Amino acid sequence: MTNEIYMENIMDHYKNPRNFGSLESPTVKHIEYNPLCGDKIEMSLLIENGKIKDIKFKGNGCSISQASTSMLLEMSNGKSIDEIKNLTKEDVFEMLSINLSPVRMKCALLGLDTLKNAILIHEKYGEKNE
Amino acid sequence: MKLLSMNEIREDFPILNRKINGKRMVYLDSAATSQKPVQVIKAIEDYYRNYNANVHRGIYQLSVEATEAYESAHDEVASLINANPEEIIFTKGTTESLNLVAYSLGNRIRDGEILLSKMEHHSNLVPWQQLAKRNNLKLKFFDLTDDGELDLSNIDELINKNTKIVSLTHVSNVLGTINPVKEIAKIAHENNALFIADSAQGVPHIEVNVKNLDVDFLAFSGHKMLGPTGIGALYGKKEILEEMDPFMFGGDMIREVKLNESTWNTLPWKFEAGTPNISGGIGFGVAAKYIKRIGIDNIENHEKNIVKYAYDKLNEMDNVEIYGPEKRSGLISFNLKGIHAHDVSSILDESGIAIRGGHHCCMPLMEHLGIAGNARASFYIYNNEEDVDTLVKGLEEVKRIFK
Ligand SMILES: Cc1ncc(COP(=O)(O)O)c(C=O)c1O
């Protein structure tokens, strides 16, 4: 289908990203890049009692990387760390519900990579780490 | 074009008949890699079908034929840039060519300065940057003017008695800027520095005469000039190459080996260790011959016309930002305001249009321009005005979707 990836909800999240910005005093903060296109996502998380209490992201990149991150954060807020760790690529693709070429899949997964690596860093280095 | 008409040229490129998403394919990414004419494809097939053998090793018929074809490919490439065949080393491409110089020649440099520019492709930046780290050398950079040309205002300070190497892109793969390498090489030489040109975007598109430019080294890739991937060349002045240590050691590059010492083969073989990319080399030679047959001045003219046509059309559109100087080689980098280059190329792909979006391996240049990336349409001998018209229509569609 012609340009089906530019569906309304994706364009909506791209133009009006939810949870955009950064937290004042996050438990953990992490940046990931997509070296192919230079896209960048920075996430800050507030974690309390094994749960995500608040989460925000900043970044620049294509509509797919930004919109999928926005949608992902909307879905992750309030979830437990274990629930986040169990999120898969397929969950992201399902959330987007569009057909992506292998190159664009990388764009779509940048947010999930950032989120999961932030959690890993948090688990490895504990509360205070950025 | 004088000798061959556009249609005749397009017929040599079977891939141009492909349909993408049911549409006529418009290939506008020749700066990344060019398409290949049937002559090149057939030459590679012919080698594998009819005289596949290693080179420089057998005295039997097949090996003699393969050796002759591989060596005469050096002649074809050499004559395209007015070099002597022994000054043409086949490498796997521009990247390897530049690394070869940075290692073999660079490793000997123990102090001093290396001068580059802010518009370099990573392959003419990182090898020098890492050499500077290894050997404690100082890195310096030409700044750029607002037009995207080298800022030469402080050249007397940038090139001085401490300068050992000046390495610059001949033609920018993002801005299309054609740098005055001849003039800068002259100043480098007055200061006893060596001058290296990254001509990955030069040799395919404009006349390059190494004797006239008087550069010490010049690197380019076969795959950007109608040849196959995995093959390219390093031109080096004979007297410098003879002085230089080999880059890699092994078979083919030696004259005599004893258990504890070795001597090196003659040029260029001293720098071509191991079984080379024989089919690639043969294809590269045929590509060089094809370019000579069409005439580099005809290619240059054709690109000048098509890039002007495209520039005028893009310039007329709203919310298009174009990067680089007015006098440019055959490519245009641009952004549609507020739309990421990936989204632009993704939507264009639906219309069968192939353009590149991203940082084009020039992250410091992107930082200088203050952007994450841009879209680039690059042209070659087989592109026509219809391709540009399709691009413009496609861009209107992008703007409609992102309205
Ligand atoms: C200006 C410039 N330099 C160097 C390179 C590297 O060429 P290759 O990848 O063929 O080694 C390229 C191509 O991407 C280029 O455009």
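A note on names: the letters A, B, ... follow the listed sequences, proteins ahead of strands, and every chain is numbered from 1. These figures come from a predicted structure and were not determined experimentally.
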### Query
Would you say Tyr323(B) has more than 12 foreign heavy atoms packed within less than 6.0 Å of its OH?
yes

### Message
Please determine whether a side-chain nitrogen of the Lys or Arg among Arg104(A) and Asp349(B) lies less than 4.0 Å from a carboxylate oxygen of the Asp or Glu.
### Response
no

### Task
Keeping the roles fixed (side chain from Asp343(B), backbone from Cys62(A)), state whether a donor-acceptor pair exists under 3.5 Å.
no

### Query
How about His340(B) and Asp39(A): does a side-chain donor come under 3.5 Å of a side-chain acceptor?
yes

### Query
So with a 6.0 Å cut-off around CD of Glu396(B), is the heavy-atom count from everything else above 12?
yes

### Message
Just checking Glu367(B): does its CD atom have more than 12 heavy atoms from other residues, nucleotides or ligands closer to it than 6.0 angstrom?
### Response
no

### Query
Does a sphere of radius 6.0 Å around CD in Glu8(A) hold more than 12 heavy atoms from other residues, nucleotides or ligands, not counting ones at 6.0 Å or beyond?
no

#### Entry: Lys116(A) NZ: over 12 foreign heavy atoms closer than 6.0 Å
yes

### Query
When rounded to the nearest 0.5 angstrom, what is the spacing between CD1 in Ile347(B) and OG in Ser63(A)?
7.0 Å

### Summary
Okay, Lys15(A) and chain B: the region with an atom under 4.5 Å from a heavy atom over there is side chain

